[in-house]
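Below: one structure in structure tokens.
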Amino acid sequence: MMRTDWRDHDWQLIHTAPQSPTLHMALDDVLTHEVGAGRRAPTLRIWEWAAPAVVIGRFQSLRNEVDGEAARRHGIEVVRRVSGGGAMFIEPGNTITYSIYAPQSLVKGLSFQEAYAFFDAWVLEALGELGIKAWYQPLNDITSEGGKIAGAAQVHRGGAVLHHVTMAYDIDAAKMLDVLRIGREKLSDKGTVSAAKRVDPLRSQTGLPREAVIERMIATFRRLHGLNDGSLRADELVQAEALALTKFSSPTWIGDVA
Amino acid sequence: MHGEYKMPGGKLVVIDLTVRDGRLAGVQLSGDFFLEPDSALDTINRALEGQSEHADEAALAASVRDALAADVMMYGLSPEAVAVAVRRALHREPAA
């Protein structure tokens, strides 16, 4: 397998109406598989959220990470994603989330650390155009002088790699800290004890509406790597809806690491 | 019993376990690390199950490493970090 370049691929954009948290989890599963099987061209998917959610990483303990009672009180659904990494607190309009479904050839020979930075180089460029000096902080964060902006996670399936990222556009820090249990040990090498202060969202840094930030990001990806407007195939959506119901909504999956 | 370790340059590694007859039982590894394939999580839990509560870090790390297939990918996680989290869990006073 030869290493490929972004421009060797016919990148497709998927940006649809808001979808449920479990459907988002399932779409990542299905689309990674489709790209790996060669049935779908490499794809950038921008997520729109239909409901608030806490998305925990594949290996996080449900009870250690989430205050279930607080989540219920705030009407927040808890879901588990297919990739490792940390918990994300999502409210519609408050985050910018995207997935890149790529052939593994794109990062062939790169270390994990290099592959994470590689997949988000276009985002650093877009943020720079918006006046934000941002950089990659290993292992998997995009950060700025003001604080953390985003967290990334990758998972490899067959011939494909999924790289997905959640960026903080705005944040209700009090609600987040009510729902997520963020331990001291986790913050021990972050240089601050305040979890809320760790995140500096894009809204305060750009002064732009969320949609404008997304537009800029899409334009930058298109300019650097090429990007055609695409859509979900009907059979992909059917498959994802089935998985959302059977797997990603099931207590067995959500509580897989209790 | 519960132990946490933030691996330097890595991710949070968490161990929950109990001790029965001097041996580790009900071991559960969790955290915000990256591990593939995801079935390796159970492999690590099983490798720790039944270890002596007096096993040192080197022995615990070796048992984890030996249980993992060569193609397992770890990012922000290592057998040594798992061993530290286990020892931290064991050093806690058991709940009265």
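Letters go in sequence order (proteins before strands), and every chain restarts at 1. Predicted model only: the values in this text are computed from it and were never measured. No hydrogens, no waters, no symmetry mates; every other heavy atom, side chains included, goes into these values.
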Revision key, fill the gap. Most heavy-atom pairs under 4.5 Å with chain A, out of B:D38, B:V14, B:D16, belong to B:D38
Point to revise | Candidate pair A:Y136 and A:F119, rule side-chain contact (heavy atoms from CB on, under 4.5 Å), full reasoning | key: CA-CA 11 Å; A:Y136 225 79; A:F119 271 117; over 6 Å; no
Revision key, fill the gap. Taken to the nearest 0.5 Å, the spacing of A:H33 NE2 from A:Q239 CD works out to 8.0 Å
Exercise for review: Measure from the ring center of B:Y75 to the ring center of A:Y116 and say whether it is less than 6.0 Å.
Suggested key: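 Yes; A:Y116 has its ring centre under 6.0 Å from that of B:Y75.
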Point to revise | Contact winner vs chain B - A:G84, A:G57, A:S83, heavy-atom pairs under 4.5 Å | key: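 Sorted descending by pairs with chain B, the first entry is A:G84.
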Study note, to complete from the structure: Checked A:V257, A:L139, A:V155, A:I56 vs chain B; the most non-hydrogen pairs under 4.5 Å come from A:L139
Exercise for review: Specify which of A:R58, A:E65, A:R157, A:H156 makes the most heavy-atom pairs with chain B at under 4.5 Å.
Suggested key: A:H156
Check your understanding: chain A heavy atoms under 4.5 Å from B:N45: which part of the residue, side chain, backbone, both or neither?
Key ->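 Contact with chain A is absent: no heavy atom of B:N45 under 4.5 Å.
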Review point. Checking side chain to side chain contact (heavy atoms under 4.5 Å, CB included) against A:L27, which of A:E241, A:E236, A:Q19 comes through?
Key: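 Testing each of A:E241, A:E236, A:Q19 against A:L27, the sole residue satisfying side chain to side chain contact (heavy atoms under 4.5 Å, CB included) is A:Q19.
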Point to revise | Rounded distance (nearest 0.5 Å) linking atom NE2 of A:H164 with atom NE2 of A:H24 | key: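 These two atoms lie 12.5 Å from each other.
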Practice item. Let me know if B:L29 has heavy atoms under 4.5 Å from chain A in its side chain, its backbone, both or neither. Key: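 The answer is the backbone of B:L29.
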Review point. Is there a side-chain contact between B:L68 and B:V64, using heavy atoms and a 4.5 Å cut-off?
Key: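 Side-chain contact under 4.5 Å: yes.
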**Study point:** Interface moiety of B:L35 toward chain A, non-hydrogen atoms closer than 4.5 Å
**Key:**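 Its backbone and side chain both get close to chain A.
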Check your understanding: Considering only heavy atoms, which portion of A:Q154 lies under 4.5 Å from any heavy atom of chain B: side chain, backbone, both, or neither?
Key ->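 The backbone, not the side chain.
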